[in-house]
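Just so it is clear, the structure is predicted and the values come from calculations on it, not from any experiment. Below, read A as the first sequence line, B as the second, and so on, with proteins coming before strands; counting in each chain starts at 1.
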Protein chains: 2
Amino acid sequence: MARPAAAKKKAPAEVRKRGAEHAGRKPTPPARPRVARRPRQAEDKRSVILSAALGLFSRYGLHGTSVDQVAARADVSKSNLLYYFANKEELYVSVLRELLHVWLEPLRGFSAEQDPREAIAGYIRRKLVISRDRPDASRLFCLEMIQGAPLLRDELDRELRTLVERKSEVIAEWVRSGRLRPVAPHHLVFGLWALTQHYADFAVQVQAISGRTLQDAAFFEETVDNVQRLVLDGICAPAAVPA
Amino acid sequence: MARPAAAKKKAPAEVRKRGAEHAGRKPTPPARPRVARRPRQAEDKRSVILSAALGLFSRYGLHGTSVDQVAARADVSKSNLLYYFANKEELYVSVLRELLHVWLEPLRGFSAEQDPREAIAGYIRRKLVISRDRPDASRLFCLEMIQGAPLLRDELDRELRTLVERKSEVIAEWVRSGRLRPVAPHHLVFGLWALTQHYADFAVQVQAISGRTLQDAAFFEETVDNVQRLVLDGICAPAAVPA
DNA sequence: GTCTATAATTGGATAGAC
DNA sequence: GTCTATCCAATTATAGAC
C-alpha cells in the first residue's frame, strides 16, 4: 500500500533515456552487468512478466503458481516483479483483462446480412485459430469459469451477455428467414464455443487419443473441416434427415 | 511415512469391533462423546471426506484447496482427516480414481449393431445427465486436463485411448455402411465430449447468459434436444445440404 | 480413532541499501 | 529500478496424550 508501483496501476509509464543525465559523471560504469541493453525496457518488461504469468497461471491456476516461478520464467527477481505489480492478485487480474479482449474478439464479427453458412464457418475457423495460437488464453479462461469466475463475473454479466444477446438475435433472424433450421440461439453459441475451445483446453486428451496437435497444419485443417461440417450439416446421412 | 494410515493405501480397512478386546476391562467408557453411533463408520467416513474433497478440489483445484477446508466441510478435524489419508496428495489422487470410473462409464455402451441415431442420441443424453448430476466430476476432470493431467496420463494413454479406439471403429463402420456422413471418428468423439461437458464446466457462463441451469428440468430437456439435433442434423436448412 | 499442540516449510510481501 | 535480507501468515504434516 505504500509503494510506488503498488499505488494502483501503471508503474514505469515513461522511462527516461538511461544515462542521459549521467553522461560524463561516471567515467566508467563500475562493471555494468547488462550487455548493451536492448531498447525495450520498462513497459516492455511488464509484458514479459505478463506473458510469463499467463503461461503459468493458465496451467496451474492462481494458487498453483508462485510469484517466484513467474519471476524465474520472466527472468526477473521476485522483488523486481513485485515492483511492477503490487501483489500476486493484481498480476493475475491484469493477465485476465488482456485475455478477455483476445477471447471476445471473434465473437464480434457476424451480422444478419451475411450468409449464415459463411459466417458460422468463418467463426469456427477464427476460434480454432485462437485455440491453436493462444491455447493458454483459452485455458485460463476455462479455469476461471470452473471456479465460478469470481473475477470475471461482472464482465460476464455485462459485456459478454449483451454481446451474446445481440448475436443471438442475428441467429434468430436467420432461423425466422428459413436459412437455418430451428435452433435455440443460445445453445448454438454454447456449442460453437465448446467445440472450438475443447481443442485448446483438452489438448492433452486430444493428443493422447489422436496423437496430433493443432500445431500440425494438416490436423488443424482436418479439425476445422470436421467441426464446420458437424455444425452445419450434422452427421446423419441425408436420407435420415426428415424435413 | 511412519504412521499407521500413512503406510500406503487402505488405512482403516477393517475396523475391529470397538471394545471387543477391551470387554469388561473398562466398566464404563469415560464419557463417550458420540451419541448412539450410527452403524456407518470408518469406511463410510472415508467417503464423506472424499466427497467433501471432490466438491472443493473440483472448484479450486489441488492447490486452491487446503486440507483444513476439506476437513471443515466433511465435518472432521484436520488431524483426523490425515489419519485416513496420509497426505493431501493421496487424498487428491483417491478422488481422481473414483472419478475416472464415473466419467468413463457412458462411453462403454454403444456398438455397431445399434442404430447410429439412437446410439448417439442416447449417449448425448447420458453425458448430459452426468453434467447435471455430477458437475463436480466433470469439472475436476477438466482441471486435470488443463494442467496436462500429470496424474492421469497413464490411464489416458491406456484405458481411455483403447476405449476410444474401439468406439471409433464402430463409428467408422457406420460411415462405411452409409448410415453416417463421412466424419472423422475421433473428431466426432471430441465433439460429443465437448458439447456435453461444456454445460458442466462452463455452468456459470451458461447461467450468466441464459439465466438457466441443467437443474431446471425444462432447460435440461431443451439442452438435450438441441445438442442432439445439432450433432445429428446440423443447423443448415435442408435446401443447403448438398449430398 | 480422535484431539491438542507444534514442528517445519512454503511463499507472499516489505524494508532499505545501492 | 533492482537487489538482499527479512518478516510474517498460511499450511502441511507430525508427535503424543487421551
*How long is the line joining CG of A:Asn87 and P of C:dT14, in whole Å?*
8 Å
_Nearest-Å distance for atom pair CG/P, residues A:Leu81 and C:dT14_ = 13 Å
*Report the distance from atom NZ of B:Lys88 to atom C1' of D:dT14, rounded to the nearest whole Å.*
17 Å
*Side chain of B:Asn80 (C-beta onward), nearest among D:dC3, C:dT2, D:dT12*: C:dT2
_Could you check whether the side chain of A:Lys78 and the base of C:dG12 have a donor-acceptor pair of N or O atoms closer than 3.5 Å, going by distance alone?_
yes
*Round to the nearest Å and state the distance from B:Leu62 atom CG to D:dT11 atom P.*
13 Å
*If you look at every heavy atom in A:Leu143 and B:Leu143, which pair is closest and at what distance?*
CD2-CD2, 3.2 Å
*asked:* So if I take every side-chain heavy atom of A:Leu82 and compare against D:dG1, D:dA13, C:dT14, which nucleotide ends up nearest?
replied: C:dT14
*Grab the OH-C1' distance between B:Tyr92 and D:dT12 for me, whole Å please.*
17 Å
*Do the two ring centres, one from A:His187 and one from B:Tyr199, sit under 6.0 Å apart?*
yes
*Over how many whole Å does the gap from A:Glu90 atom CD to C:dT14 atom P extend?*
11 Å
*Within the modelled atom types, does a donor on one side and an acceptor on the other bring the side chain of B:Ser79 and the base of C:dT4 under 3.5 Å apart?*
yes
*For B:Asp68 and C:dC3, what is the distance between atoms CG and C1' respectively, to the nearest whole Å?*
14 Å
_For B:Arg212 and B:Glu222: C-alpha separation, side-chain torsions, deciding distance, then whether salt bridge (Lys or Arg N to Asp or Glu O under 4.0 Å) applies._
CA-CA 11 Å; B:Arg212 329 260 293 280; B:Glu222 185 185 314; 3.7 Å; yes
*Between atom CD1 in A:Ile49 and atom C1' in D:dG1, what is the gap in whole Å?*
11 Å
*Decide whether A:Tyr92 and A:Glu144 meet the rule of one side-chain donor and one side-chain acceptor closer than 3.5 Å.*
yes
*Any side-chain N or O of B:Ser77 less than 4.0 Å from the OP1 or OP2 oxygen of C:dT2?*
no
*Ring-face cation of A:Arg132 near A:Phe220 (centre distance under 6.0 Å, axis angle within 45°)*: yes
*Give a yes/no answer on whether the side chain of A:Tyr83 brings an N or O atom under 4.0 Å of OP1 or OP2 in D:dT2.*
no
